[in-house]
> 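Got a structure for you, questions after.
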Protein chains: 2
Amino acid sequence: MEERSYNQNCALAHALDVIGERWSLVLIRELLIGPRRYKDLMDGLAGIGNNLLASRLKELELANIVERTILPPPAGSAVYKLTSLGRSLESAVQELIKWGFQLNNKGQPENLSRPEWDIVAMRSLFQPDAAKGKNGACQFQVEDVFYYVVINNGRVEIELGEIRCPDAIVTTDRKTLAKLGKGMDVNTAINNNHLQITGSVLKFSEMLALFKPGD
Amino acid sequence: MEERSYNQNCALAHALDVIGERWSLVLIRELLIGPRRYKDLMDGLAGIGNNLLASRLKELELANIVERTILPPPAGSAVYKLTSLGRSLESAVQELIKWGFQLNNKGQPENLSRPEWDIVAMRSLFQPDAAKGKNGACQFQVEDVFYYVVINNGRVEIELGEIRCPDAIVTTDRKTLAKLGKGMDVNTAINNNHLQITGSVLKFSEMLALFKPGD
DNA sequence: CGGAATCCTCTTCGATACTG
DNA sequence: CAGTATCGAAGAGGATTCCG
């Protein structure tokens, strides 16, 4: 809580004074997925150490980036969520994600992997210009995580949960999804039993093409 | 040099593994201004500590973000500059800067202040859409630092140095420039002797209007 | 003087254990 | 489940010295 600061009159330094500490941006990524309980955060950040999570949350609450709320009954549990100031960090996070895709991410197999992270990543890779006039809805089940992608004339919405009547229901694993994003053929993945699609395969392929690492 | 890592298969984590350490992004900001000597970096980062600067530079060189080159004679001095991978971080830095402007930057007077930082900040605040079809060239002298702004039909170039035949030559200080950016009247600043303009005041005002904190 | 290695002290990190 | 307490290890941040 000692407010370490760069002491520079520069907007970048001001930003980093608040969200530049270790784990802060990764924590914010976790909350960009949606409101999370303390336990969810511990799981999603594995490695953070209990005390650090607690103190980061406190710092970010103080900085008006995160707020703690109690869900209405019957849930009744405490969750952390982003304030509007916190949500406005998403474009910065997206740029960092786009940049991160350029790296030779060695992707060590022992690394942690969570399907939820793709939600934030896919929002970053979405190409609004290419999606003008297009629409579609796709339900994903990646490993044990359900989320959906809805494209509506150049805008995209990607959220945890399920929707009714999607154009396609897609079941796969994170690794295959990554390969598909990098250009792997959809039918090859299906034939290798790494991808199951119920509904319109064409619609899925069309939507897939709207996500690209490059600008 | 022990390569601390988040160990997460996530592009954000990969990015932060490389540029998430303390001082890294501030150092990159410094290099976005232009190639810098070791001494320039020490000055611009005041507070970093000699050993940290050396080790950060080494890490970033290893990650192919920064390269060390020797200027041709007669200069002959060693400078650090960004590689193309490093330069591609500018959009992420710009988003962080835009976000930083939203904060109540207490702007403690004892904070360090360097006019060069406005070069990177102004690139971030430039509104390309509003600048369609407009152009102009402005030479700045802010405190002891010379830089220029050239706008050419929706594109902007802001660099250290001087150009020939600008539409306006502007002499001011950082604090006044910040106020002008926030809407202070140009003529008021001139009358208070905080701003001197040689050439077209109108052109300066026109160009100034193309820089906005909001998106 | 630019650039970097070496010490030394202090803070933060990270992992485990512990409590309401 | 949601945190606090504790403690060794690592990193930050100065100062000083060394090498070119």
Side-chain angles (χ1 to χ4, degrees), chain A residues 1-8 13 16-27 30-31 35-63 66-71 73-81 110-112, chain B residues 1-8 13 16-27 30-31 35-62 66-81 110-112:
Chain A
M1 292 282 117
E2 279 84 34
E3 294 274 346
R4 184 162 63 161
S5 166
Y6 288 108
N7 288 315
Q8 299 185 349
L16 293 175
D17 280 344
V18 180
I19 50 83
E21 298 294 311
R22 188 161 175 77
W23 290 107
S24 293
L25 278 175
V26 193
L27 171 50
E30 216 58 24
L31 293 174
R36 309 301 255 175
R37 290 171 306 169
Y38 193 90
K39 181 59 158 40
D40 301 328
L41 294 171
M42 275 305 270
D43 293 347
L45 298 175
I48 190 178
N50 213 331
N51 55 350
L52 257 202
L53 175 55
S55 79
R56 287 288 174 271
L57 281 170
K58 237 176 268 173
E59 289 165 22
L60 292 176
E61 246 183 292
L62 216 69
V66 166
E67 58 185 353
R68 186 178 184 278
T69 57
I70 310 290
L71 290 185
S77 53
V79 294
Y80 293 90
K81 52 181 290 203
E110 77 268 25
N111 277 5
L112 270 157
Chain B
M1 290 285 114
E2 279 85 35
E3 294 273 344
R4 184 162 61 161
S5 167
Y6 288 108
N7 288 314
Q8 300 185 348
L16 293 175
D17 279 345
V18 180
I19 50 82
E21 299 294 311
R22 188 160 174 77
W23 289 106
S24 294
L25 279 175
V26 193
L27 172 51
E30 218 56 26
L31 293 174
R36 309 301 257 176
R37 291 169 308 168
Y38 193 89
K39 183 56 161 37
D40 300 328
L41 294 171
M42 275 304 268
D43 293 347
L45 297 176
I48 191 178
N50 211 331
N51 54 351
L52 258 199
L53 176 54
S55 79
R56 286 288 173 271
L57 280 170
K58 235 177 271 173
E59 289 165 23
L60 292 176
E61 248 184 289
L62 215 69
V66 165
E67 59 185 353
R68 185 178 186 277
T69 57
I70 309 289
L71 289 186
S77 53
V79 294
Y80 294 89
K81 51 180 291 203
E110 77 268 23
N111 278 4
L112 271 157

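Just so it is clear, the structure is predicted and the values come from calculations on it, not from any experiment. Residue numbering restarts at 1 for every chain, and letters A, B, ... go by the order of the sequence lines.
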> Taking a pair as Watson-Crick or G-U wobble with both distances under 3.5 Å, which nucleotide is matched to C:dA17?
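Pair assignment: C:dA17 / D:dT4.
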> Taking OP1 and OP2 of D:dG13, is either one under 4.0 Å from a side-chain nitrogen or oxygen of A:Tyr6?
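It does not, given that no N or O in the side chain of A:Tyr6 lies less than 4.0 Å from OP1 or OP2 of D:dG13.
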> Between B:Arg4 and C:dG14, is there a contact of a side-chain N or O with OP1 or OP2 at under 4.0 Å?
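Checking C:dG14 against B:Arg4, a side-chain N or O does come within under 4.0 Å of OP1 or OP2.
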> With a 4.0 Å limit, can you tell me whether B:Arg37 has a side-chain N or O closer than that to the phosphate oxygens OP1/OP2 of C:dG3?
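No, because none of the side-chain N or O atoms of B:Arg37 sits under 4.0 Å from OP1 or OP2 of C:dG3.
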> Under 3.5 Å, is there a donor on one side chain and an acceptor on the other for B:Arg36 and B:Tyr80?
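Checked: B:Arg36/B:Tyr80 side chains show no N/O donor-acceptor pair below 3.5 Å.
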> B:Arg22 side chain N/O closer than 4.0 Å to the phosphate oxygens (OP1, OP2) of D:dG13?
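Result: yes.
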> I need the OH-C1' distance between B:Tyr38 and C:dG3, as an integer number of Å.
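Rounded to whole Å, this separation is 6 Å.
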> What integer distance in Å separates B:Lys58:NZ from C:dA4:C1'?
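After rounding, the reported distance stands at 7 Å.
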> Using whole Å, report how far CG of A:Leu45 lies from P of D:dA2.
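From A:Leu45 CG to D:dA2 P: 14 Å.
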> Would you mind reading off the distance between B:Leu52 atom CG and D:dG11 atom C1', rounded to a whole angstrom?
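After rounding, the reported distance stands at 8 Å.
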> Rounded to the nearest angstrom, tell me the gap between atom CG in B:Leu53 and atom C1' in C:dG3.
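From B:Leu53 CG to C:dG3 C1': 9 Å.
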> Would you please classify the geometry between the B:Trp23 ring and the A:Tyr6 ring as parallel, tilted or perpendicular, with 30° and 60° separating the classes?
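Plane angle over 60°, so perpendicular.
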> For A:Arg68 and B:Ile48, take the nucleotide of DNA chain D holding the closest heavy atom to each; which residue's nucleotide lies nearer the 5' end?
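Closest to the 5' end, via its nearest nucleotide, is A:Arg68.
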> Does A:Lys39 put a side-chain nitrogen or oxygen below 4.0 Å from OP1 or OP2 of D:dA2?
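Checking D:dA2 against A:Lys39, no side-chain N or O comes under 4.0 Å of OP1 or OP2.
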> Tell me yes or no: between the side chains of A:Tyr38 and A:Asn50, is some donor less than 3.5 Å from an acceptor?
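There is such a pair (donor and acceptor under 3.5 Å, judged by atom type) between the side chains of A:Tyr38 and A:Asn50.
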> Rounded to whole angstrom units, what separation is found between the CE atom of A:Met42 and the C1' atom of C:dT16?
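A:Met42 atom CE is separated from C:dT16 atom C1' by 11 Å.
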> Any side-chain N or O of A:Trp23 below 4.0 angstrom from OP1/OP2 of C:dG14?
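For C:dG14, OP1 or OP2 has a side-chain N or O of A:Trp23 closer than 4.0 Å.
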> Determine whether a donor-acceptor pair (one donor, one acceptor, N or O, separation below 3.5 Å) exists between the side chain of A:Asn51 and the base of D:dG3.
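Answer is no: no donor-acceptor pair is held.
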> How many Å lie between CG on A:Leu57 and P on D:dT4, as a whole number?
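Nearest whole value for this atom pair: 10 Å.
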> Using purine N1 to pyrimidine N3 plus N6-O4 or O6-N4 for Watson-Crick, or N1-O2 and O6-N3 for G-U wobble, each under 3.5 Å, what pairs with D:dG20?
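Paired with no nucleotide.
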> Would you kindly give the CZ-to-P distance between A:Arg36 and D:dC1, to the nearest whole Å?
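The distance from CZ of A:Arg36 to P of D:dC1 comes to 14 Å, rounded to the nearest Å.
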> Do NZ/NE/NH1/NH2 and the carboxylate oxygens of A:Glu59 and A:Arg56 come within less than 4.0 Å?
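Salt bridge between A:Glu59 and A:Arg56, a charged N being under 4.0 Å from a carboxylate O: yes.
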> Are B:Arg56 and D:dG13 close enough that a side-chain N or O sits under 4.0 Å from OP1 or OP2?
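For D:dG13, OP1/OP2 do not have a side-chain N/O of B:Arg56 under 4.0 Å.
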> Dump the intermediate steps for side chain to side chain contact (heavy atoms under 4.5 Å, CB included) on A:Lys81 and A:Leu31, then the final yes or no.
CA-CA 6 Å; A:Lys81 52 181 290 203; A:Leu31 293 174; 5.7 Å; no
